[in-house]
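Note sheet for the following structure.
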Amino acid sequence: MTKQSVSIVRYRENNETIRNALELCDGFKELKANDKILIKPNIVMASRRKKIPLYGVVTTTRVIEDIIILLSEYGCNDITIGEGSPFHKELELSTLNGFKSTGLTRVAEKYGVKLVDFNKSEFRSVDLGPTKVKLARESLENDFLINVPVLKTHVQTTVSLSLKNLKGCLKQSSKMKFHKTGLEEMIARLNTVLKPKLSVIDGVYSLERGPSTSGRAYRTNLIIASRDAFSGDIVGATCLGIDPLTVEYLTQYGALTGQSSSLEDIEIKGESVDDVIFPLEWRMMKAEQIMADYDIKGATFQWPGNTLCTNCAIMSDAFLGVFLKDYKGSYFNNIEFLMGDKVHPLEESKLVFLLGNCAVKNNSDCDKAVKISGCPVGVGDSIVKVYNTLGKFKGKKLLAVRMLKGMAEKLGIYEETLPRTFSYDQPDFDRAFYR
Ligand code: SF4
């Protein structure tokens with residue numbers, strides 16, 4: 001059996017890292033100068049708001065630019081960057097805002113590259129077995145797909161690497177279907193249809209407790225490249241200190257294709273895994289721990305599992321973020337926040353906030369619930385209803401302050417910071433990677 005090659009290269013800011021990584025894994029072996037090329041980065045959460053940190057959350061623009069330079073040297077001039085980012089009006093999240101705030105718009109203009117918002121694309125229907133899904137036309141109609149995910153952990157799927165990144169090619173409604181049908185199996189099946197010819201895992205920054213801004217980023221300076229996405233992911237997971245056999249979408253893909261998940265069946269070039277391994281925690285912090293960090297007693301939330309779609313997950317990050325800050329040091333008589341499908345209130349909870357259509361629908365008979373509908377549920381709507389319900393005086397006062405902050409944000413004179421217990425300082429955390 002021929003071993004797949006995966007290169008591991010330490011990132012150095014000299015334009016040569018990506019070239020080196022691609023030479024080692026023969027990344028352009030199947031490339032032709034007149035190929036129609038699609039680059040798929042990971043822009044899961046990038047808003048117009050500058051204070052949302054990008055490190056380890058989205059692909060660094062610098063790595064994308066380095067890939068484009070190499071493609072141009074090769075004579076390629078039909079290059080598209082495509083992504084379908086989560087859309088969230090209140091947080092100003094959209095693919096377009098993601099392209100702008102990461103600097104991809106500038107890069108596209110500089111090199112004559114097309115930008116495509118998959119959310120606004122034409123879609124093609126594809127049968128993945130358990131269900132049919134819709135994929136952006138560009139993800140299917142290209143000659144050379146280059147997948148550029150981030151080296152990061154993921155609270156739902158343990159890691160989010162090349163195979164997971166292709167979920168961004170789906171129509172939003174199909175992404176929701178993925179969560180309801182079985183996220184891991186659907187990711188595995190999607191990758192039997194979409195076959196990148198090159199995967200470059202961007203580990204300039206890596207994210208603990210990913211995939212979004214509630215995680216913590218580290219400067220890890222790694223690039224992992226392969227012509228085989230699955231082998232690249234096996235190596236990527238191992239570099240994060242995670243046994244690939246515990247990553248269900250990888251084991252399911254291995255079972256579907258008969259491909260080995262063993263590191264021994266991969267030819268690693270460049271650095272060795274042992275020299276670069278950087279173990280990161282992927283599990284979400286326990287609710288008690290998060291509440292205790294803010295000295296909040298008598299409030300909790302349950303882990304909603306994989307049925308929670310990305311849009312509601314982003315909302316929960318934002319909502320819990322402001323709740324924790326506003327109610328720091330408060331005591332409650334057993335309140336609970338509930339999101340996602342198939343989750344039911346704890347017996348001891350006296351007041352339950354059902355956030356989003358899934359939680360509302362599945363607990364329609366709950367007589368201790370405040371129901372807040374929406375698909376995804378709105379951050380502002382949740383704040384108004386939760387704050388109004390909690391404490392006649394404190395809740396209303398906090399709500400008034402929150403509304404003033406909201407107006408000030410719209411006027412551009414105030415920016416909400418998401419609560420974090422750490423800071424990202426120069427020189428390791430360098431915004432120039434996204435310009
Ligand atoms: S309510 Fe939230 S979790 Fe449920 S389908 Fe809508 S976005 Fe997904």
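Atoms within a ligand are numbered from 1 in the order they appear, just like the ligands themselves. In this chain, numbering begins with 1 at the start of the sequence shown.
Taking every non-hydrogen atom of Lys180 and a distance limit under 4.0 Å, the qualifying atoms of ligand 1 come out as 3 (S), 4 (Fe), 5 (S), 8 (Fe).
A ring-ring contact (aromatic ring centres under 6.0 Å, His included) check over residues 100-125, counting only residues at least two apart or in different chains, returns nothing.
Remark: aromatic rings of Phe429 and Tyr424 are close, center separation under 6.0 Å.
Ligand 1 has Gly374 within reach: a non-hydrogen atom of the residue lies less than 4.0 Å from it.
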Atom pairs and distances, donor-acceptor, side-chain atoms in residues 125-135, under 3.5 Å, two or more places apart:
unit_1, atom_1, unit_2, atom_2, d
Asp127, OD1, Gly129, N, 3.0
Thr131, OG1, Lys177, NZ, 3.3

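No donor-acceptor pair closer than 3.5 Å links the side chain of Ser349 to the backbone N or O of Ile335. Judged by distance alone, with hydrogens and angles left aside, the side-chain atoms of Asp78 form no donor-acceptor pair with the main-chain N or O of Asp35 at under 3.5 Å.
Listed by chain and number, the protein atoms of type N/O/S under 2.8 Å from atom 4 (Fe) of ligand 1 are Cys358 SG; waters are omitted.
Exactly one residue among Ser162, Ser160, Ser261, Ser199 makes a side chain to side chain donor-acceptor pair (under 3.5 Å) with Asp233. That residue is Ser162.
Residues that satisfy the side-chain contact (heavy atoms from CB on, under 4.5 Å) test with Leu96, not counting sequence neighbours, are Ser94, Lys100.
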